[in-house]
Amino acid sequence: MTGAALDDFRAGVRDWCREHVPKDWRPAQTGVPDEEFVAFQKEWFQELRRAGFAVPHWPREWGGGMPVPEQAVLYEELAAHDAPRLVLAFVSIHHAASTLLAAGTDAQRRRHLPAILDGEIWVQGFSEPDAGSDLAALRASARREGDTYVVNGQKCWASGAAHADWCLLLARTDPDAPKRRGISYFLMDMRTPGIDVRPTRQATGESHFCEIFLDDVAVPAANRIGAENAGWRVAQETLGAERGMTMLELAERLGGGFRRLVELCGRTGALDDPLTADRLAALEIELTGLRALCAKLVAADRPGPADASIVKLFYSELLQRITDLGTEAAGLAAHTDLRKPLSSGWESGAWPLDFLASWEWTIPGGTSEIQRTIIGERGLGLPREPREG
Amino acid sequence: MPADLSEFHDELRASASGLLAQGADWAAIAGAGWPGLEVPAAFDGADGTFAEVAVVLREIGRAAAPGPYPSVAALAIGTLDLLHPGPVRDGLLRAAVAGTAVPVVAIDAEGTEAFRLTGASGPDGARLHGSAGFVLDAPAADRVLVPALEPDGTAVVVDVDPAELTVGDRPVLDATRSLGRVAADGAAVRPESVHRFRVPDAPRRLRDRAAVAVACDSLGIAEAMLDATVAHTSVRHQFGRPVGSFQAVKHACADMLVQVTVARELVDAAVRAQADGGPDAAAASAMAKSYACTAAVEVAGKAMQLHGGMGYTWESGVHVYLKRAALNRSLFGTPAQHRARLAGRRARR
Ligand SMILES: Cc1cc2nc3c(=O)[nH]c(=O)nc-3n(C[C@H](O)[C@H](O)[C@H](O)COP(=O)(O)OP(=O)(O)OC[C@H]3O[C@@H](n4cnc5c(N)ncnc54)[C@H](O)[C@@H]3O)c2cc1C
């Protein structure tokens, strides 16, 4: 697409945003009961879907196919118009979709991708109390019995499990194999008997993540993704792929957060302070680098072995620095902002809460420490750290 | 510090941490004699210095304890000490030491708002105007000491019954703290309620004291978070090893210790300067406030990171410290403002 055509596209998105982005959704969504949050998120998803904006990163045949430059423009405009983020559908449209696309059978894709467009919500059931960074140590077991697997165990930190229809589940199918070779990957219907979901209260006061207790849960063998005991590879592939795609949107959203920070500093007069101006300029440089990197990564056929980790690490720590400066610059008044809208994710503009919530990015999906190890080992070929298994 | 004093501080620290661990309320704190640690024996105090108060302030930070001790001991008693003695002042000092009064100083913790007196202190008395947006522990106060300027610019302290003022609760993210907005809209002031300072530059000294008190609290926060992180990473196993044995984690903990150690030196120096009232007190307080309050946010943040998902839960309590550290950083001058003060001092020379 030429520059002029891209400008036209931008103008179209802008018009659409003006007309469709719900007005005053932040105050309206602040502190609402969960059901209202879910309904609002689902409605907004359908609004985006009607415009062709819900899953632009999916392949064309499944309802996506938007070229990367247009995606960047779309997310830039959504952020500029402070459109709600699809927090509820995050795992469905990114984790679940990329897993299905990379490793699913045709039948699995046909069953789930259209359903996701119709509003099916997914949760990622990977972590366990004793298997966090060391995910391969997971112990939830799946025992084959004819055409089904019987699953037992406990998952934790599962974001959005309380509202999920389906779960991406990792479970051990061979207890005797080396850690990574005995794991299989399943699609689990959250309405199956034996599943008990218990919300965990988190630092921000909300209960977004949950524990999932699995007691003799029957999962049809047809819902396994990839070969038996090959689940680890599927999980790795999809996690890496997912990071690149989500990051394009998140980087643009961070641009919105940065704009709010500049506005804040303008209001308080801090912009006239050369040191604040310097800090803001440094953040702007980092943000520009991040956006360029994300666009390139998403466009690349074959990302480098550490690219996803570089983006995840840089994004999450930059987010932390931006919200930290916002907290400092906004002063005591910002601390009286007690309830952030459920649907906003981190970028609520309630700086101390957003700063707190920035750990939602440096801990999950592989902590910053783990990312640095990956970058050192896969990106630079440094000798591996000694580790068991 | 002489050996006997350092021993005494260790004892005080141990008893403070023990009492705070039991969730000491105001009566218990007053009973322990903490409000009067610095006050002369003539006013029923323990005849100590700010150094002893600082020991308790640090333990309060370490426990992330609620309650008005920081504002009463650091600010109200500090203010009363800077006033000319007299029956009203002396009575209030004794009541504060005994814990029967909870006086709070209406200094705006953000430093933007202020009070002034109008009208001559004639038979009708003067009138008080102005406001302070964020006053630590205002909702708990039964006496409010309002720093104000007289029409001629003299700094005074007006002792006001909260009923004469508008005191509004301002809930903040840090649930361990209570802040309030205090406003006076022409409140009548009796002449005997207006107190003059016995030293020049008292308002600035008070702000320095407030800054050091918060730095003590932040040092306690950082110490607590370092301890908790070392404890957690020593027992939490991943990849068949305690996560603390991974160099990434170990180095992060080591950096935390370095920050805590440096913060401790700066805070100790600022506390000593407060106790002696030496010429470097202002610079020392700016250094302690800026460094310790920044370090506490970083250390508590690292603690959250190194606790993993556990640290992000409500029950872990790490968030309590992170919120308090972030609030402390904004109380009584931001790190940038304190650094600007330091830089300005150099520029003038
Ligand atoms: C907000 C939030 C949402 C989440 N959502 C989901 C979800 O939807 N689904 C899901 O499955 N999981 C989810 N998680 C879980 C997340 O992936 C784990 O918390 C994360 O992988 C860290 O594991 P852990 O909590 O067990 O920490 P630990 O592994 O115990 O780590 C503790 C500390 O040790 C460090 N460490 C551990 N091993 C090493 C090493 N080898 N080298 C260096 N440092 C190391 C870590 O970096 C960390 O700082 C979520 C977590 C959070 C906080």
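The sequence lines fix the lettering, A, B, ..., with proteins before strands; numbering per chain opens at 1. This structure is a prediction, so every number in the text was calculated from the model and none was measured.
Heavy-atom neighbours of chain A within the stretch residues 211-224 of chain B, taken at a separation under 4.5 angstrom, are nonexistent.
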field: Trace of the side-chain contact (heavy atoms from CB on, under 4.5 Å) decision for D273(A) with Q337(B)
entry: CA-CA 11 Å; D273(A) 165 27; Q337(B) 285 164 346; over 6 Å; no
query: Going through the distances and angles, do E369(A) and L306(B) end up as a side-chain contact (heavy atoms from CB on, under 4.5 Å)?
result: CA-CA 9 Å; E369(A) 290 72 27; L306(B) 297 180; 4.0 Å; yes
- prompt: Should M310(B) and W157(A) be marked as a side-chain contact (heavy atoms from CB on, under 4.5 Å) after you check the CA-CA gap, both sets of side-chain angles, and the distance that decides it?
  reply: CA-CA 9 Å; M310(B) 204 42 160; W157(A) 321 131; 3.8 Å; yes
task: Apply side-chain contact (heavy atoms from CB on, under 4.5 Å) to T373(A) and F246(B), showing your working.
output: CA-CA 11 Å; T373(A) 302; F246(B) 291 108; over 6 Å; no
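In terms of non-hydrogen atom pairs under 4.5 Å with chain A, the most contact-rich of P171(B), G317(B), A340(B), P335(B) is P171(B). Ranking T276(A), L332(A), L275(A), L353(A) against chain B, the residue ahead of the rest is L332(A), based on heavy-atom pairs under 4.5 Å. Note on D337(A), T336(A), I370(A): by heavy-atom pairs under 4.5 Å with chain B, the leading option is T336(A). When A333(A), A136(A), A270(A) are compared by the number of non-hydrogen pairs under 4.5 Å with chain B, A333(A) comes out ahead. Counting heavy-atom pairs closer than 4.5 Å to chain B, the top residue among T327(A), L356(A), T200(A) is L356(A). Between chain A and the options G301(B), S316(B), A248(B), the largest number of non-hydrogen pairs under 4.5 Å is found for G301(B). Chosen from A336(B), G133(B), G311(B), G308(B), the residue pairing most often with chain A at heavy-atom distances under 4.5 Å is G308(B).
For chain B, the nearby parts of D130(A) are the backbone and the side chain; heavy atoms of each come within less than 4.5 Å. Only the backbone of P129(A) comes within contact range of chain B, judged by heavy atoms closer than 4.5 Å. Using a 4.5 Å cut-off between heavy atoms, A350(A) makes no contact with chain B at all. Heavy-atom distances place no part of V318(B) under 4.5 Å from chain A, backbone and side chain included. Both the backbone and the side chain of Y312(B) come within contact range of chain A, with heavy atoms under 4.5 Å apart. If you measure heavy-atom distances from S207(A) to chain B, you find no contacts under 4.5 Å at all. Both the backbone and the side chain of T204(A) come within less than 4.5 Å of a heavy atom of chain B. For a residue to count as touching a neighbouring chain, one of its non-hydrogen atoms must lie under 4.5 Å from one of that chain's; by this rule A252(B) does not touch chain A. L327(B) touches chain A through backbone and side chain together, each having a heavy atom under 4.5 Å away.
Closest approach of G132(A) to R236(B), counting heavy atoms only: N-NH2, 4.2 Å. Closest of all the heavy-atom pairs between A203(A) and H319(B) is CB-CB, 3.5 Å. The minimum heavy-atom distance linking E328(A) with S330(B) is given by the pair O-OG, 4.4 Å. Summarising the geometry of D324(A) relative to V297(B), their closest heavy-atom pair is OD1-CG1, 4.3 Å, with the distance given to 0.1 Å.
More than 12 heavy atoms of other shown residues, nucleotides or ligands fall within 6.0 angstrom of atom CZ in R204(B). The environment of D255(B) atom CG is dense: over 12 non-hydrogen atoms of other residues, nucleotides or ligands sit within 6.0 angstrom. The number of heavy atoms from other shown groups lying within 6.0 Å of CZ (R321(A)) is above 12. Few gaps surround CZ on R170(B); more than 12 heavy atoms of other groups in view lie less than 6.0 Å from it.
To the nearest 0.5 Å, the span separating OG on S368(A) from NZ on K302(B) amounts to 7.0 Å.
A distance-only check finds no donor-acceptor pair linking the side chain of K323(B) to the backbone of P352(A) [under 3.5 Å].
For the 3.5 Å distance criterion, the side chains of E385(A) and Q247(B) fail to qualify, holding no donor opposite an acceptor.
Under the 4.0 Å criterion applied to side-chain N and carboxylate O atoms, R241(B) and D134(A) are not assigned as salt-bridge partners.
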